[in-house]
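Heads up, the thing below is written out as structure tokens.
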Amino acid sequence: MSYMKRNVEEVEIARQTLERYAGCEAKEFQPNLLLTNFPRYVDYFAKSRGAKIFEGSMFKGAHDLKGGVSILDFKIGSPAAALVVDICSCLPFRASVFLGMCGGLRRRYQVGDYLVPVASIRAEGTSDTYFPIEVPALANFLMQRAVTEVLDLEQALYHIGITFTTNTRFWEFNEDFKTRLKSSKAQGIEMECATLFMASYKRKFTLGALLLVSDLPLNRDGIKTKESAQIVFDKYTADHIEKGIKILKRAREMQSRHVKGSYHRNLPLEVGK
């Protein structure tokens with residue numbers, strides 16, 4: 001169902017839901033959106049841009065009016081990923097990128113590398129709400145092109161591949177699951193991408209993703225711990241967010257040149273500039 005075919009009441013309820021969950025009015029949101037799982041990302045974004053932090057019943061966010069960018073922490077997991085796309089697609093965001101983390105599934109990967117997902121394996125179940133299982137979960141082409149162009153310009157170390165999206169936690173201790181995971185040949189494992197890609201495809205919401213390899217769960221002593229997670233946040237948060245903002249800028253430049261790949265929606269609601 002396209003945006004324009006959605007029931008007017010549904011659009012209004014979605015807008016009100018966003019305002020309740022985010023703790024701010026819809027008009028505060030800027031035309032470019034960073035999505036993340038981490039409240040620390042919102043803290044850095046707000047502090048570095050001198051922006052106020054808003055927090056509602058579920059989400060935490062901030063808005064940089066000068067830069068035209070908003071950030072929203074939607075928490076963890078595929079149901080939350082589906083929800084955030086469903087409600088954000090009712091507002092006229094022009095470009096959006098998900099800044100998440102994943103477990104690296106190749107021996108040559110290192111913590112701190114970036115992974116650019118071009119597709120995700122739909123093993124989480126939530127995406128079945130949007131399309132039959134035979135429909136692939138593909139990332140938006142324009143956004144992922146913007147991602148790789150920014151990474152190339154900054155000479156960042158990154159990998160390109162598919163991710164395995166799961167709702168299963170502590171799978172590291174499940175041998176049957178690990179056998180299935182290895183047989184998939186996925187390059188990374190995470191809990192949101194397949195849902196984000198399917199929901200955004202359904203809603204015609206221009207969304208890409210840049211994942212940070214935060215752990216190497218198939219390696220001996222590679223499972224993420226409280227201590228290792230803190231090190232990752234301290235070392236890589238700023239770089240991840242700044243790259244995300246540059247990706248949004250590059251995507252808007254590409255849109256202005258009518259590069260193919262984004263959705264051109266005639267959205268009646270006004271958000272930001």
Side-chain angles (χ1 to χ4, degrees), residues 34-38 40-41 76-78 81 97-124 136-141 143-197 207-244 246-247:
L34 295 173
L35 290 175
T36 186
N37 304 128
F38 313 114
R40 297 187 191 193
Y41 276 32
I76 295 174
S78 61
V97 63
F98 169 55
L99 303 179
M101 296 186 186
C102 68
L105 302 179
R106 293 291 185 271
R107 293 180 179 177
R108 68 181 184 277
Y109 289 5
Q110 299 292 326
V111 171
D113 291 354
Y114 285 110
L115 176 63
V116 181
V118 294
S120 296
I121 295 170
R122 297 170 57 188
E124 88 300 359
L138 301 177
N140 180 267
F141 175 78
M143 291 305 304
Q144 298 311 79
R145 180 175 169 183
V147 170
T148 56
E149 287 188 5
V150 168
L151 294 176
D152 285 336
L153 284 172
E154 300 206 342
Q155 299 183 330
L157 180 59
Y158 70 94
H159 313 282
I160 298 177
I162 62 173
T163 66
F164 189 102
T165 306
T166 180
N167 272 337
T168 302
R169 200 63 187 92
F170 303 119
W171 59 264
E172 297 94 336
F173 307 99
N174 184 324
E175 294 302 321
D176 290 338
F177 184 96
K178 288 196 290 185
T179 298
R180 180 189 177 198
L181 177 63
K182 292 176 182 178
S183 68
S184 74
K185 301 298 182 181
Q187 281 85 7
I189 182 168
E190 41 70 41
M191 302 182 73
E192 295 86 19
C193 281
T195 309
L196 289 171
F197 296 160
L207 173 68
L210 175 61
L211 304 180
L212 179 71
V213 176
S214 61
D215 58 316
L216 305 167
L218 293 181
N219 294 359
R220 187 173 182 178
D221 300 324
I223 299 175
K224 187 186 296 184
T225 64
K226 180 179 179 181
E227 181 180 2
S228 68
Q230 182 64 51
I231 293 172
V232 168
F233 279 122
D234 291 344
K235 192 171 183 179
Y236 300 110
T237 293
D239 185 68
H240 202 182
I241 294 173
E242 297 301 334
K243 280 184 170 56
K246 292 175 183 177
I247 289 164

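These numbers were taken from a predicted model, which means no experiment stands behind them. For the single chain, residues carry numbers from 1 onward in sequence order.
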Gap separating the CG atom of L99 from the CG atom of L212, nearest 0.5 angstrom
9.5 Å
Could you tell me whether the side chain of H159 and the main chain of G188 form a donor-acceptor pair under 3.5 Å?
no
Give the table of side-chain donor-acceptor pairs shorter than 3.5 Å for residues 169-177, with sequence neighbours excluded, one pair per line with atom names and distance.
residue, atom, partner, partner atom, Å
N174, OD1, D176, N, 3.1
N174, OD1, F177, N, 3.0
E175, OE2, K178, NZ, 3.1

In the structure I gave you, are the side-chain heavy atoms of Y158 and T148 within less than 4.5 Å of one another anywhere?
yes
Please find the pair of heavy atoms, one from Y236 and one from V111, that lie closest to each other, and give the distance.
OH-O, 3.4 Å
Could you walk me through whether F38 and M101 pass the side chain to side chain contact (heavy atoms under 4.5 Å, CB included) check?
CA-CA 10 Å; F38 313 114; M101 296 186 186; 3.5 Å; yes
Going by the rule side-chain hydrogen bond (donor to acceptor under 3.5 Å, both in side chains), which residues pair with S184 if we only count those two or more places apart in sequence or in a different chain?
none
For residues V150 and K246, determine if any side-chain heavy atom of one lies less than 4.5 Å from a side-chain heavy atom of the other.
yes
Identify the heavy atoms of A209 and Q144 that sit nearest to each other, and give their distance.
N-OE1, 2.9 Å
With sequence neighbours excluded, tell me which residues meet side-chain hydrogen bond (donor to acceptor under 3.5 Å, both in side chains) with Y114.
D239
Minimal heavy-atom distance between G161 and L115, with the atoms involved, is N-CD1, 4.0 Å
Verify side chain to side chain contact (heavy atoms under 4.5 Å, CB included) between T237 and Y41, making sure each step is shown before the conclusion.
CA-CA 7 Å; T237 293; Y41 276 32; 3.5 Å; yes
When you compare the side chain of T225 with that of D215, does any pair of heavy atoms fall below 4.5 Å?
no
When you measure from the side chain of D113 to the backbone of Q110, do you find a donor-acceptor pair of N or O atoms at a distance under 3.5 Å?
yes
First locate atom NZ of K243, then atom CD1 of I247, and finally report the distance between them rounded to the nearest 0.5 Å.
8.5 Å
Are L138 and V118 side-chain neighbours, meaning at least one heavy-atom pair lies under 4.5 Å?
no
To the nearest 0.5 Å, what is the distance between CG on D152 and CD on Q155?
9.0 Å
Will you find, in the side chains of E124 and T165, an N or O donor that is under 3.5 Å from an N or O acceptor?
no
Hey, does L218 have a side-chain heavy atom less than 4.5 Å from the side chain of K182?
yes
Is a donor on one side and an acceptor on the other found under 3.5 Å between the side chain of R106 and the backbone of A186?
yes
Option passing side chain to side chain donor-acceptor pair (under 3.5 Å) with E190 (candidates T166, N37, T163):
T163
If I compare all heavy atoms of A137 with all of R122, which pair ends up nearest, and what's the gap?
CB-CG, 3.8 Å
Applying side chain to side chain contact (heavy atoms under 4.5 Å, CB included) to I121 and I162, what does each step give before you reach the verdict?
CA-CA 7 Å; I121 295 170; I162 62 173; 4.0 Å; yes
State, with a plain yes or no, whether a side-chain heavy atom of E192 is found less than 4.5 Å away from one of I76.
yes
To the nearest 0.5 Å, tell me how far C102 SG sits from F164 CZ.
14.0 Å
Between F197 and P117 the two heavy atoms that sit nearest each other are CZ-CG, 4.1 Å
Yes or no on side chain to side chain contact (heavy atoms under 4.5 Å, CB included) for F98 and C193, after CA distance, side-chain angles and deciding distance?
CA-CA 9 Å; F98 169 55; C193 281; 4.1 Å; yes
Roughly how far apart are S120 OG and I189 CD1, rounded to 0.5 Å?
11.0 Å
For a 4.5 angstrom cut-off between non-hydrogen side-chain atoms, does Q230 reach K226?
no
May I ask you to decide if G222's main-chain N or O and N219's side chain share a donor-acceptor pair within less than 3.5 Å?
no
Is any side-chain heavy atom of F233 closer than 4.5 Å to one of S214?
no
Roughly how far apart are K185 NZ and L181 CG, rounded to 0.5 Å?
11.0 Å
